[in-house]
Each structure stands twice: as C-alpha cells, then as structure tokens.
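In what follows, a structure is listed as structure tokens, so that the remarks can point back to it.
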There are 2 protein chains.
Amino acid sequence: MDGGAEHTHSRDPKRHRQLLIKATLDSVAEVGIAETTISAIIKRARLSRGMIHLHFGGKGSLLAASAASFSDEYYVEMDRQLALTSNSPAETILAVLRADLSPEILNERSVAIWHGLRGEARYNPEIAGYSDTRDKRLRSMINDAFDALLSEPPTVDSKAIANEVTLGTLALLEGMWVDYMTHPNAFSRETAARIITRFLNGVIPGSFNVETTAS
Amino acid sequence: MDGGAEHTHSRDPKRHRQLLIKATLDSVAEVGIAETTISAIIKRARLSRGMIHLHFGGKGSLLAASAASFSDEYYVEMDRQLALTSNSPAETILAVLRADLSPEILNERSVAIWHGLRGEARYNPEIAGYSDTRDKRLRSMINDAFDALLSEPPTVDSKAIANEVTLGTLALLEGMWVDYMTHPNAFSRETAARIITRFLNGVIPGSFNVETTAS
DNA sequence: CTGTGTAATGGACAATCGTCCATTAAGCAA
DNA sequence: TTGCTTAATGGACGATTGTCCATTACACAG
C-alpha cells in the first residue's frame with residue numbers, strides 16, 4: 001500500500017507523552033492558549049488524534065501536566081545557575097535576580113506560557129497548584145536570604161522587614177516579566193537588573209554594590 | 001443630540017452598543033476571555049444574536065471597543081482621585097499609588113480583564129494600541145513627578161535616575177496587580193502601599209515619609 | 001509460525017463556534 | 001392611514017471544538 005512511509009506506528013508511550021507536553025507548551029507559547037486546541041497540538045506533535053485521550057484522559061489533564069513540566073523547566077535552569085555562585089546571602093539574591101532575568105529563563109516562550117497558564121489557573125485547580133508551588137519556592141529562597149542578610153540570628157523586626165522586602169522584590173520581578181511580555185524588543189535585561197539593584201540598595205544600604213564594575 | 005427624550009425601550013442603538021461592551025467586559029471578568037463567546041455575550045446583554053455583527057461587524061471589533069472602554073474606566077477613576085490631592089510631586093506620586101491600589105481601580109473584575117486583554121493584545125493590534133496608550137499616560141504622569149522631585153530644573157543625570165525609578169515603580173505596581181490576581185483574598189492594599197513606599201523612600205530618601213501623616 | 005495484549009489510529013459524534021442574512025418590528029413623514 | 005427607512009431578530013450555515021471508540025498495527029510469548 002505505502003512504499004516509503006517512514007512514519008509507521010512507532011511504539012514508545014513515554015516519549016509520546018513527553019512529545020504531547022512539549023507540543024502543548026510550544027503551542028501556548030506561539031499561538032496562545034485559546035488557539036491551543038486538540039487539533040493544533042496533535043498536528044504539532046505529528047501524532048494521531050486519539051493520543052491525548054489515551055495518555056491523559058482529556059485536554060485539561062494535559063494542560064496540567066504541561067504546567068508541571070513548565071515549572072520543572074524553570075527550576076532546573078534556576079538551580080543550574082545558582083549552583084555556579086557562592087552562597088553569601090547578598091550573592092544569592094543577586095544570583096536569583098540574574099537567573100530570573102536571563103535569556104534561558106526569561107524569553108518570549110516562557111512569558112507567553114507563564115501568562116497563559118496564570119489565566120487558566122483560575123479555572124483549573126491543578127494548574128493553580130503548580131503555579132503556587134513554583135511561587136512559594138522562589139519566595140522562600142529570597143526570604144531566607146534577606147533574613148540572613150538583615151540580622152544573624154533574625155529578630156522579630158528583621159523578619160518583618162525581610163518579609164516586606166521579599167514581597168517587593170518578587171513584585172519587581174513579576175513586573176519586569178509583564179514589561180518583557182508587552183514590549184519584548186524594547187526590554188533591556190541589564191536595565192531591569194540595574195533598577196532592581198538600585199531599589200534593593202535603597203532599602204538595604206551597602207549590601208548590593210553595583211557601580212564598581214565598568215560596563 | 002437632544003438632552004431628554006429617553007422614553008424608548010426597545011429601540012436605542014447607542015445604549016445597545018454600550019450594553020454589549022459592558023456585557024463583554026463582565027464576561028471576560030467572570031468567565032475568562034476563552035469563554036467569552038458571542039452566545040455568552042448576547043445572553044448576558046439579553047439582546048439578539050445579530051446585534052454584534054450589526055453594531056461592530058464582528059467579535060474582534062467588539063473586543064477592541066471593550067478594551068477602549070476599559071481604558072477609559074481606568075483613567076476616569078484615576079483622574080477623579082487625583083483631583084482630590086495637592087499637586088506637589090511627592091504627593092502626586094503617592095496619590096497615583098494609592099489610586100492604582102484602591103478598590104475602585106484594583107479589584108477582581110479589573111485584574112481579570114487586564115490579564116485577558118493583555119494576552120489578546122498579541123493577536124489584536126487594536127487592543128495592543130489601547131493597552132499601550134494607557135501605559136504611556138501612566139508612565140509620563142509618574143516620570144514627570146520624579147523629574148520635578150529630583151531636581152528643578154532637571155539635569156541629564158536626574159532625568160536618567162527619574163527614568164529608572166519610574167520604570168521600577170511601574171514594575172512594582174504591575175507586580176502587585178499580578179499578586180492580587182493570583183491571591184485576591186491574601187492580598188493587602190495597605191501592605192502593598194507600604195512596601196512600595198519603603199522602596200521609594202530607599203531610592204529617594206526623605207521625600208516619602210510614611211508613618212507621620214494619616215491625612 | 002500463531003495467539004494475545006496493548007499502543008496507536010482516525011473518524012464519528014453532538015455541541016458549539018463566529019458569520020451572515022432574510023425577515024420582522026418600530027419610528028417618522030406624508 | 002400608507003409608505004419608507006432602519007433597528008432588531010433569530011435561525012441557517014459551514015467550520016471546528018473536545019470526547020470517545022471500533023478498528024488496526026505492532027511487539028512479544030508461546
């Protein structure tokens with residue numbers, strides 16, 4: 001019937017699962033979550049229509065699995081970059097900032113997925129869970145560092161300050177992501193990092209010296 | 001055209017146009033932009049199916065008109081609140097912060113619409129235009145105030161600083177909106193305002209004294 | 001080889017999407 | 001009233017949505 005069809009039924013369930021997740025994330029990144037339909041995903045993964053129901057039971061579960069995978073991607077890269085730095089509190093905070101603004105983590109693909117999944121989280125509790133987990137881990141990373149930076153051992157007052165500075169730093173980062181999403185080509189990672197450092201140097205003087213290095 | 005004559009009920013093109021826009025924004029706020037279909041909008045506005053095509057020509061144009069209306073809502077309320085304050089630079093900045101975090105402007109309805117339209121702006125240039133216009137006006141408001149606050153008349157250096165502080169302030173506000181959207185019930189407007197003020201007081205010492213006055 | 005179980009296929013299916021138009025209803029001029 | 005204009009209706013239409021399943025293809029045990 002067919003002479004040279006290289007695409008016969010390749011049997012590899014685990015790889016196909018991963019292929020579907022990747023296709024889903026790529027689709028959300030490129031055409032948005034509204035256009036990420038079963039047909040679009042299947043076409044991208046070059047698999048058959050029934051695969052999604054077979055492996056995930058429905059579109060919702062596939063989206064949730066994709067959110068989990070995306071969260072993993074984030075922390076794998078974050079941990080990789082953090083492993084390269086020393087572990088003083090100020091260094092850790094700066095390293096997190098740099099990583100969160102690095103091209104490997106902050107790019108057009110990731111902001112589009114981030115935005116799409118954030119919206120979907122309101123109606124899919126499973127996705128909300130993964131978003132929340134991601135946020136909490138980042139927050140405790142930064143919060144611990146500010147605790148150590150402000151007072152050793154931390155006092156009630158220093159902890160209160162650390163908490164507020166942590167929330168402010170996270171808000172700054174999230175705001176920068178929004179900025180990047182709305183104007184990807186006008187955005188400057190260096191400017192963003194400099195602004196955040198300026199603010200941190202303001203609230204905690206002397207710990208984030210920036211100006212020394214020539215640019 | 002005329003001042004009175006609002007007796008008619010079934011026939012009122014201008015009112016129906018407005019009704020459709022309101023229904024669209026309400027739908028985006030409550031069920032998300034994906035579920036905001038022609039049927040959903042019509043059902044909400046209690047009008048007939050053909051009205052959208054009649055008055056707007058299509059769903060895309062209705063969304064764009066809704067984005068314009070939403071942008072108006074924002075600035076009408078912002079201007080109203082700003083009119084109540086004195087016009088010293090520091091007071092202006094604080095007033096903008098307070099307004100942007102006030103229940104009239106920052107609420108579950110507005111963040112949901114804001115998020116939904118931001119995502120749609122990638123595929124509908126008309127919507128992107130209104131988002132951009134809104135952002136630019138807010139930015140110049142804050143930037144002008146920082147310019148005046150830092151140096152009178154502004155110097156090249158003070159303008160550079162004002163620009164970065166402006167971008168940082170906007171990022172903080174946008175981050176707070178994201179925070180509010182993801183955890184509406186855990187969010188505290190007072191804490192958010194205090195954090196931003198703390199950061200501003202850090203980068204520009206002495207201009208944003210917080211705890212002293214309550215009025 | 002044949003038999004058995006599972007991976008994979010791709011179309012059937014009802015529901016819903018957005019667009020569009022033939023028809024009806026309402027206001028105004030005569 | 002009669003005629004004319006336009007707002008408004010609501011269903012037809014083809015395309016597409018997500019779900020599901022009867023069928024087929026494959027790997028391996030025997």
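Values reported hereafter were calculated over all heavy atoms of this structure, with side chains retained and with hydrogens, waters and symmetry mates removed. Note on naming: letters A, B, ... go to the chains in the order of the sequence lines (proteins, then strands), and numbering restarts at 1 for each one.
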Keeping to residues at least two apart or across chains, list the ring pair (Phe, Tyr, Trp, His ring centres under 6.0 Å) pairs with something in residues 179-204 of chain B. B:Y180-B:F187

Take atom CG of A:N87 as the centre, draw a 6.0 Å sphere, and report whether it contains more than 12 heavy atoms from other residues, nucleotides or ligands. no

Between the protein and nucleotides 18-21 of chain D, are there any N/O to N/O pairs under 3.5 Å, and if so, what are the atom names and distances?
from   : atom 1 : to    : atom 2 : distance (Å)
D:dG18 : OP1    : A:K59 : NZ     : 2.6
D:dG18 : OP2    : A:I38 : N      : 2.7
D:dG18 : N7     : A:R49 : NH2    : 2.8
D:dT19 : OP2    : A:K59 : N      : 3.1
D:dT19 : O4     : A:R49 : NE     : 3.1
D:dC20 : OP2    : A:H53 : NE2    : 3.4

Correct closest heavy-atom pair for B:A162 and B:F146 would be CB-CB, 3.8 Å

If you measure from CG on B:L173 to CG on B:L101, what distance do you get to the nearest 0.5 Å? 6.0 Å

From CG (B:L138) to CG (B:N143), nearest 0.5 Å: 11.0 Å

NZ (B:K22) with more than 12 external heavy atoms under 6.0 Å: no

Whole Å only: how far is the NZ atom of B:K43 from the P atom of D:dT9? 17 Å

Between CZ of B:R189 and CG of B:D100, what distance do you get to the nearest 0.5 Å? 10.5 Å

For B:L19 and D:dA8, give me the distance from atom CG to atom P, rounded to whole Å. 11 Å

Write down the distance between CZ (B:R46) and P (D:dT9), rounded to a whole number of angstrom. 12 Å

Minimum heavy-atom distance between A:L25 and A:S66, given as atom pair plus value: CD2-O, 3.6 Å

With side chains defined as the heavy atoms from C-beta onward, is the minimum distance between A:I93 and A:M141 less than 4.5 Å? no

For DNA chain C, report each stem as range with range, ordered by first number, or say none. Use Watson-Crick or G-U wobble pairs under 3.5 Å, at least 3 in a row. C:2-29 with D:2-29

With sequence neighbours left out, the residues meeting side-chain contact (heavy atoms from CB on, under 4.5 Å) with A:S39 are A:T37, A:R49

DNA chain C contacts among residues 116-124 of chain A, heavy-atom distance under 4.0 Å: none

Contacts under 3.5 Å, N or O only, protein and nucleotides 4-7 of chain C:
from  : atom 1 : to    : atom 2 : distance (Å)
C:dT6 : O2     : A:R11 : NH2    : 2.4
C:dA7 : O4'    : A:R11 : NH1    : 3.2
C:dA7 : O4'    : A:R11 : NH2    : 3.2

Scanning both residues in full, the closest heavy-atom pair of A:T24 with A:L62 reads OG1-CD2, 3.3 Å

What closest approach, in Å, do A:S86 and A:T92 show between heavy atoms, and which atom pair accounts for it? O-OG1, 4.3 Å

Grab the CG-C1' distance between A:L20 and C:dT9 for me, whole Å please. 13 Å

NZ of A:K159: more than 12 outside heavy atoms within 6.0 angstrom? no

Roughly how many Å is it from CD1 in B:I42 to P in C:dC17, rounded to a whole number? 12 Å

Would you kindly give the CD-to-C1' distance between B:E35 and D:dT17, to the nearest whole Å? 12 Å

